There are 2 protein chains.
Amino acid sequence: MAEQRKAPERKSSDERRDEIVRATLRLVAIKGFAGVTLREVATEVGVVHGLIRHYFSTRDDLVAAAFDFAVTSELSSDRAMLDGLDPVAALAGWLASTPEDHYRVWIDAWSEAGRTPALAAALDRHHRDCERILTAVIERVVDAGLGASANPAADSRLLTAVADGVAVQHHGIAAIGVTEANDIVFGVAERQLGLAPGTLARANPAPARGQWAEGAALLAR
Amino acid sequence: MAEQRKAPERKSSDERRDEIVRATLRLVAIKGFAGVTLREVATEVGVVHGLIRHYFSTRDDLVAAAFDFAVTSELSSDRAMLDGLDPVAALAGWLASTPEDHYRVWIDAWSEAGRTPALAAALDRHHRDCERILTAVIERVVDAGLGASANPAADSRLLTAVADGVAVQHHGIAAIGVTEANDIVFGVAERQLGLAPGTLARANPAPARGQWAEGAALLAR
DNA sequence: TCTGGTGTTATACAACTGGACAATAACGCT
DNA sequence: AGCGTTATTGTCCAGTTGTATAACACCAGA
């Protein structure tokens, strides 16, 4: 019997790799790092699961790459946004609530990092990036004479913690709404940096929208 | 060939059920809610995996019961501790850093709740409990004339968020040590409630020790 | 002594997993 | 046109998973 083989839609290596990483991230945003399956990723991409192994030697490599891509792209777009804003608006924009699917990935990374070394390394790296970015934003506010900070790096860690905790209450538990979430973070930041109450809420630019989980079947699993 | 059957160590229903829940929690603290396996739980208890089903009709029921037990026992011992302390010490004790294995379970619950309805229900319930307890502690501080709060419930949500975020930075990412973790939470609380700086650090009672993950093989998986 | 409930074991099973690999088809280069 | 490279496929594998079920051991009560 003649071999009846579908003609493969051949793509360049980088293109396909990117496609796989994006599909993985989409699934991670829904089912978590521990829940993604090579076969599901392959189906999402539209290829056979054996092909995944051609690009990523192991499953952990794949999910770590997905997280790396998530944060890298998130931060690069954030940096672009921050550059176009005045210091106070940049601070508000950075501290304001993040799209749900983005924070889902972060929360999942926190819990999974203890068991996946590759993920822990990426998490550590990107967490420091975030702290540095916020430190720079704080310094811009201070340099412009709009606020005060005895230790911008320490204040950055403090505000990062507050933003993370608020995001958990908002996205993970739905204990607070987006308004109260922003109120809390803005309030602490204003008190910590000596800004007038309400400054950050007024300066807050339009929020970014999530995108990772949009195309996938949300009710899967 | 004669049947060689080990004589079963028969226990009462409640006893065995409790044993299973505790073993599950021990494993959850190490491998996460998504990582526990009925067979591992059974091995940890020393029974056959089929027996688990005799007590919990489904896997999700089991892990939800484990989380429920975790928080219930944690809160009951916390309540006992708080009752014996003066208001400021109680506030410091509640806000101070929590044992690592305890927070691991919380972080994991945050990320897994989106996919396990039973877990989401338990998480929601216990989160509200925590908020109520902290609200009561804040009210005790205010009633004693030691601090001020325009809205104890809102301040409770704020401080819960800060404590959670700091715990993530401390336990999940190891970005800050226990000293800075407490400094941040205490500092925000003192500013928010009008306490003199350093009040909470001085009043902080001895920290509680973790216990859930102590007996299990830490390098498993 | 029979009977029924219950704690417990043993075993089965169908689904799914990550990984491995040979075969094949398209591509890039000369 | 020929040839080496590689993207892609289909298939296999050994293992693990949650769930199911039958059988056994023990005990209380009729």
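Everything numeric here is computed off the predicted structure, so don't read it as measured data. Letters A, B, ... are given to chains in the order of the sequence lines, protein chains preceding strands, and every chain is numbered from 1. Reckoned from all heavy atoms, side chains included, excluding hydrogens, waters and symmetry mates.
Rounding to whole angstrom units, CD of residue E15(A) and C1' of dT8(D) are separated by 15 Å. In this structure, CZ of R39(A) is placed 12 Å from C1' of dA20(C), rounded to the nearest angstrom. Distance, I52(A) CD1 to dA20(C) C1': 15 Å, rounded to whole Å. If you take CG of L51(B) and P of dC24(D), they are 18 Å apart, rounded to a whole angstrom. Between the CD atom of E40(A) and the P atom of dA15(C) there is a distance of 16 Å, given to the nearest Å. Between the P atom of dG18(C) and the CG atom of D61(A) lies a distance of 14 Å, rounded to the nearest Å. Between D60(A) atom CG and dG18(C) atom P there is a gap of 10 Å when expressed in whole angstrom units. In this structure, CG of D18(A) is placed 15 Å from P of dA7(D), rounded to the nearest angstrom.
Judged purely by atom type and a 3.5 angstrom limit, D61(A) has no side-chain atom pairing as donor or acceptor with the backbone of F56(A).
Counting non-hydrogen atoms under 4.0 angstrom, V48(A) reaches a base of the nucleic acid.
The side-chain heavy atoms of H126(A) and W106(A), taken from C-beta on, include a pair separated by under 4.5 Å. N182(B) is not listed as a side-chain neighbour of L200(B), based on a closest heavy-atom distance of 4.5 Å or more.
Checked against dA7(D), dT17(C), dT9(D), the side chain of S13(A) finds its nearest nucleotide in dA7(D). The side chain of T37(A) has dG18(C) as its nearest neighbour among dG18(C), dT19(D), dT9(C). Residue R53(B) places its side chain closer to dT21(D) than to any other of dA12(C), dT8(D), dT21(D). Of the candidate nucleotides dG18(D), dT8(D), dC12(D), dG18(D) has the atom lying nearest to any side-chain atom of L38(B). Distances were taken from every side-chain heavy atom of H54(B) (C-beta onward) to each of dT8(C), dT9(D), dT9(C); the shortest belongs to dT8(C). Checking dT11(D), dT8(C), dT19(D) against every side-chain atom of H49(A), the shortest atom distance belongs to dT11(D).
At dT8(D), one or more side-chain N or O atoms of Y55(A) fall inside 4.0 Å of OP1 or OP2 (strictly under the cut-off). Between R59(B) and dG18(D) there is a side-chain N or O to OP1 or OP2 distance below 4.0 Å. T58(A) has no side-chain polar atom (N or O) that falls below the 4.0 Å cut-off from OP1 or OP2 of dG18(C).
For D86(A), the salt bridge (Lys or Arg N to Asp or Glu O under 4.0 Å) test picks out no residue, with sequence neighbours left out.
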*asked:* Please determine whether ring-ring contact (aromatic ring centres under 6.0 Å, His included) holds for the pair F33(A) and W110(A), giving the CA-CA distance in whole Å, both sets of side-chain angles, and the decisive distance to 0.1 Å.
replied: CA-CA 10 Å; F33(A) 284 101; W110(A) 295 336; over 10 Å; no
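If you check distances only, the side chain of R16(B) never reaches the base of dG7(C) with a donor-acceptor pair under 3.5 Å.
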